[in-house]
Amino acid sequence: MEEQSTQEPDLLNAERDVQREWQDQCTYEVSENSTRPKFYCLTMFPYPSGQLHMGHVRTYTLGDVIARFQRLKGKNVLHPIGWDAFGLPAENAAIKRNIPPAKWTRENIESMRGQMQRLGFSFDWSRELATCDPEYYRWEQWFFTRIFKKGLVYKKSAWVNWDPVDQTVLANEQVIDGRGWRSDAPVERRELEQWFVKITDYAEELLGYLDKLDGWPEKIKLMQRNWIGRSEGVEMTFPQEGGQGISVYTTRPDTLMGATYVAVAPQHPLALQAAKSDAALADFLEQCNRVKVAEADIAKLEKLGMWTGQTVSHPLTGEPVPVWVANFVLMEYGSGAVMAVPGHDQRDWEFANKYGLPITQVVKPVEGSDEPCDIGGGAYVSKNGVLVNSGEFDGLDFDGAFNAIADALEKKGLGERQVNYRLRDWGISRQRYWGCPIPIIHCNKCGPVAVPEQDLPVLLPTDVEFDGVGSPLKKMPQWYETTCPECSGDAVRETDTFDTFMESSWYYARFASSKSEAAMLDERTDYWGPVDHYVGGEEHAILHLLYARFFHKLMRDEGLVDSDEPFEKLLALGMVLKDGVKMSKSAGDAGDPQHLLDTYGADAIRMAMMFAAPPDQSFEWSDHGVESAARWLKRLWNTVEEHLAQGDVPEIDKQNLTDEQRDLRRVTHETLAKADDDFGRRIAFNTVVSAVMSLMNQVHKFEDNSPQGHAVKREALNVAVLVLSPITPHICHVLFDRINGASIDEAIWPAVDEEALARTVVEVVVQVNGKVRGRMEVPPDTAREEVEGIARTLDNVDKYFDNKTIRKVIFVPNKLVNFVVS
RNA sequence: GCGAAAGUGGCGGAAUUGGUAGACGCGCUGGAUUUAGGUUCCAGUACCGAAAGGUGUGAGAGUUCGAGUCUCUCCUUUCGCACCA
């Protein structure tokens, strides 16, 4: 046993030696002074939650593989890392364990940085930043004051989840079954004045530029398009005598003659007004306000409504139309009211049926259509029909009716055509302590005033007491009491902090201008930007990626960056699921890679993780693969050492190789070509691992002790080590040095020897009626006639021709021949 | 509810442009080595069938000489839904 263990390669010690070398030599620190083309590889920075989980391991390994591959391809690679350090969990920890959020966050950063270094990620640590550093957030505050002065920021009231016991605003995830997570009190909706940034001013541009993002997955672009939700419709008013009337937006003005009621949100002014004199309605509105503000929760509710007792007039017929409150109408979206056409909208149809409201059919399928025309069983929602029961508009199709009705409304001054977006302005106020203070001073005389540049940053005090009731900032008059920068009168600071998406919307640019003290960003950001490859979880497909794109355009319009989009290419990763882990007994730390690191090492974890699934796919992680990866790596090490022990090798004499030597060379160069394509274009690393495994299987079978045999084998081993090095950098660092006496950090990805790829025979499949009946080997590019001729004579093939006629022969060169018989 | 995607052996997955389904690995089975266990090495392993052969990529339909791949319907799972990050 003793004897065996001393012969085994010590992967763990080798990893530590290599990591020490990287650290001592600052191997991955980069500068802008390089003749190599730049490549900015960025992986979404983590929230410092405490320790890494397998999702982090996957994300950062994938990013590291890309960075290391691009270095091998001769690029000057920026690969930075930092910490998305503000946020809710630090406050929760502060309440639970009585640790100040700053301390808790710093300690988490320390331990996660250690784990990242132990995993061998090739980060440029000199550029590390945390968003809770005043040196970072001061520039965010500075930038905010710039866009504030530009008029891109405004205040309006918005609804939040309010915990009446803890006197605190709750995040959606803190509301569980309608109750506060700590107090268990039923939540209430509350209206608060909040800051918004006008992302809708950029809606058209954010939408249009999606078409130019060739390096983004189609599905992400589609989700963003749908999120922005551009539509063309008509904004119209249902007038009310003695009132303002109700404004609604519709994309289906063609169905206006079928509008039989109007539905408003429970927070709509008309509903609130009506409830003053209607106790039952007031009750209903209160009930609606007990649901948390998340759209998904509202949409899942049973559809409930109540008549407000009010009517408005139909804009074209003047007929009275009842106004209902409906719990599924969102106040945040549009005007908070919709016209209901139960004949042609399924949700309206169900609502009308439930409450006995009239359903009128105003569109019917065209003659000869096979669409069902009866609306007794459900709404007819197709736009392919023609109008009926619509007076002068009868007989018009969708476009005709859309235009005629829009014209009629415009003529009456009750409506106009409008382009609408589903996208809403970005609410950036949070009633939280652990965030970046919003640099605004409220003055009774001057109103809200931006903090002047020389007074920035507005520092977040870190000596705070946490009791879980409200934000500590609101209890610190010594902090919020100040003077107005304009009139010098008494004034108070804004006590809300920024949404943490603010910090994560520009960190990629700051990494490039690392540590710049004179400016938010400098010319180095133009050198490195835009990010060439951005890697991160698919859960960020919309919010983070949309806000960052928006912020980039804001920075561009301030002259801070010279590009239109921040991220050239995007890799949206699937989730690492852990249901199996949850069921295991070691649930507490099963997601923590530490014990795997201590037992098997970084390379084994990295290899197992990359081999487990392609990057864009979600999968359930299991520790099993790590042990077998470690075993495989040890075998690789042993194979290389045994080979080296046999001495030096001659040059390969390409013209005089045996068939076996040619075969091994072909597999070697096929592996090289495939790895190049998989790393660089397909971003599929699991197949790189299997290709190298296959190559090594060939090497193990290769028994040729001639000098040329050794030379061919050495080439194979060298390619295996080089190709695998982005995934398992430590062992490959050691083995590359053992084989070549040189550092792999200086190595350049070799060219494929096209000659080595040539085959002397190819296999052609013979099918009869699409079923495989035989195979044959022929020289490459053998002519159709010849292949067909041989195929017909094959034993297993010609018997299918008995009593049949060959109707057709399909021929795919070098692949197959298919006889269609009957 | 709305938007987006995924579904292939016992398991993770491969099949890149519509052209041999199951590469590679795990697990399992058998063998060699070992006092034994483990390790290591070798062989086998989609399913049914004695074989010939047949069946097979969530279910059902369709297009095609040919479908895991394209189209439609349905089922299930995952992600997002604006205060988790």
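All chains are named by letter (A, B, ...) in the order of the sequence lines, taking the proteins before the strands, and each is independently numbered beginning at 1.
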Side-chain atoms of A:Leu577 come closest, of B:A21, B:A82, B:U78, to B:U78

Using atom types as modelled and distance alone, determine if a side-chain donor or acceptor of A:Lys815 lies under 3.5 Å from a backbone N or O of A:Phe811. no

Glycosidic conformation of B:G31, taking syn as within 90° of 0 and anti otherwise: anti

If you check every side-chain atom of A:Glu295, which of B:G25, B:C81, B:G3 has the closest atom? B:C81

So that I know where these two stand, are A:Tyr507 and A:Trp83 an aromatic pair - ring centroids less than 6.0 Å apart? no

Go ahead and name the base partner of B:A36; Watson-Crick or wobble counts if both distances stay under 3.5 Å, otherwise write none. none

Taking the six-membered ring for Trp, is the centroid-to-centroid distance between A:Tyr137 and A:Phe86 below 6.0 Å? yes

Does a side-chain N or O of A:Arg682 approach OP1 or OP2 of B:A15 to a distance below 4.0 Å, or not? yes

B:A85 phosphate, OP1 or OP2: any side-chain N/O from A:Thr500 under 4.0 angstrom? yes

Phosphate OP1/OP2 of B:A15 contacted by A:Lys815 side-chain N/O (<4.0 Å): no

Is the phosphate of B:A23 approached by A:Asn697 (side-chain N or O, under 4.0 Å from OP1 or OP2)? no

Ranking B:U78, B:A4, B:G12 by distance to the side chain of A:Lys219, first place goes to B:A4

Measure the distance from CG on A:Leu192 to C1' on B:C83 and round it to the nearest whole Å. 11 Å

Could you give the NZ-to-C1' distance, from A:Lys292 to B:C84, as a whole number of Å? 10 Å

Nearest-nucleotide 5' precedence on RNA chain B, A:Asn686 against A:Asp425: A:Asn686

Return no unless some side-chain N or O of A:Arg424 is found under 4.0 Å from OP1 or OP2 of B:A82. no

For atom NZ of A:Lys96, decide whether the heavy atoms of other residues, nucleotides or ligands shown that lie under 6.0 angstrom number more than 12. no

Think A:Gln617 has a side-chain N or O under 4.0 angstrom from the OP1 or OP2 of B:G13? yes

Between A:Asp84 and A:Lys303, which residue's closest nucleotide on RNA chain B lies nearer the 5′ terminus? A:Lys303

Can you tell me the distance, in whole Å, between the CZ atom of A:Phe819 and the P atom of B:C65? 17 Å

Starting at CZ of A:Phe619 and ending at C1' of B:G7, how long is that distance when rounded to a whole Å? 17 Å

From CZ of A:Arg422 over to C1' of B:C81, roughly how many Å is that when rounded to an integer? 7 Å

At under 4.0 Å, does any side-chain N or O of A:Arg631 touch on OP1 or OP2 of B:U40? yes

A:Lys634 NZ to B:G38 C1', straight-line distance once rounded to whole Å: 13 Å

So, OP1 or OP2 of B:G66: does either fall under 4.0 Å of a side-chain N or O from A:Asn818? no

Select base, sugar-phosphate, or nothing to describe what A:Gln194 touches, counting heavy atoms under 4.0 Å on all strands. base

Which of parallel (below 30°), tilted (30 to 60°) and perpendicular (above 60°) describes A:Tyr202 and A:Phe550? perpendicular

From B:G19, B:A14, B:C81, pick the nucleotide closest to the side chain of A:Thr687? B:A14

Closest to the A:Tyr547 side chain: B:C24, B:A82, B:G1? B:A82

Taking the side chain as every heavy atom from C-beta outward, state whether A:Lys674 and A:Arg682 have any pair of such atoms under 4.5 Å apart. yes

Could you state the CD1-C1' distance from A:Ile806 to B:G66, rounded to the nearest angstrom? 17 Å

Considering only the C1' atoms, how many Å lie between B:U76 and B:G58, rounded to the nearest integer? 7 Å

Nearest-nucleotide pick for A:Asn796, side chain only, options being B:A85, B:C83, B:G53: B:G53

Within the structure, does a side-chain N or O atom of A:Arg773 lie under 4.0 Å from either OP1 or OP2 of B:U20? no

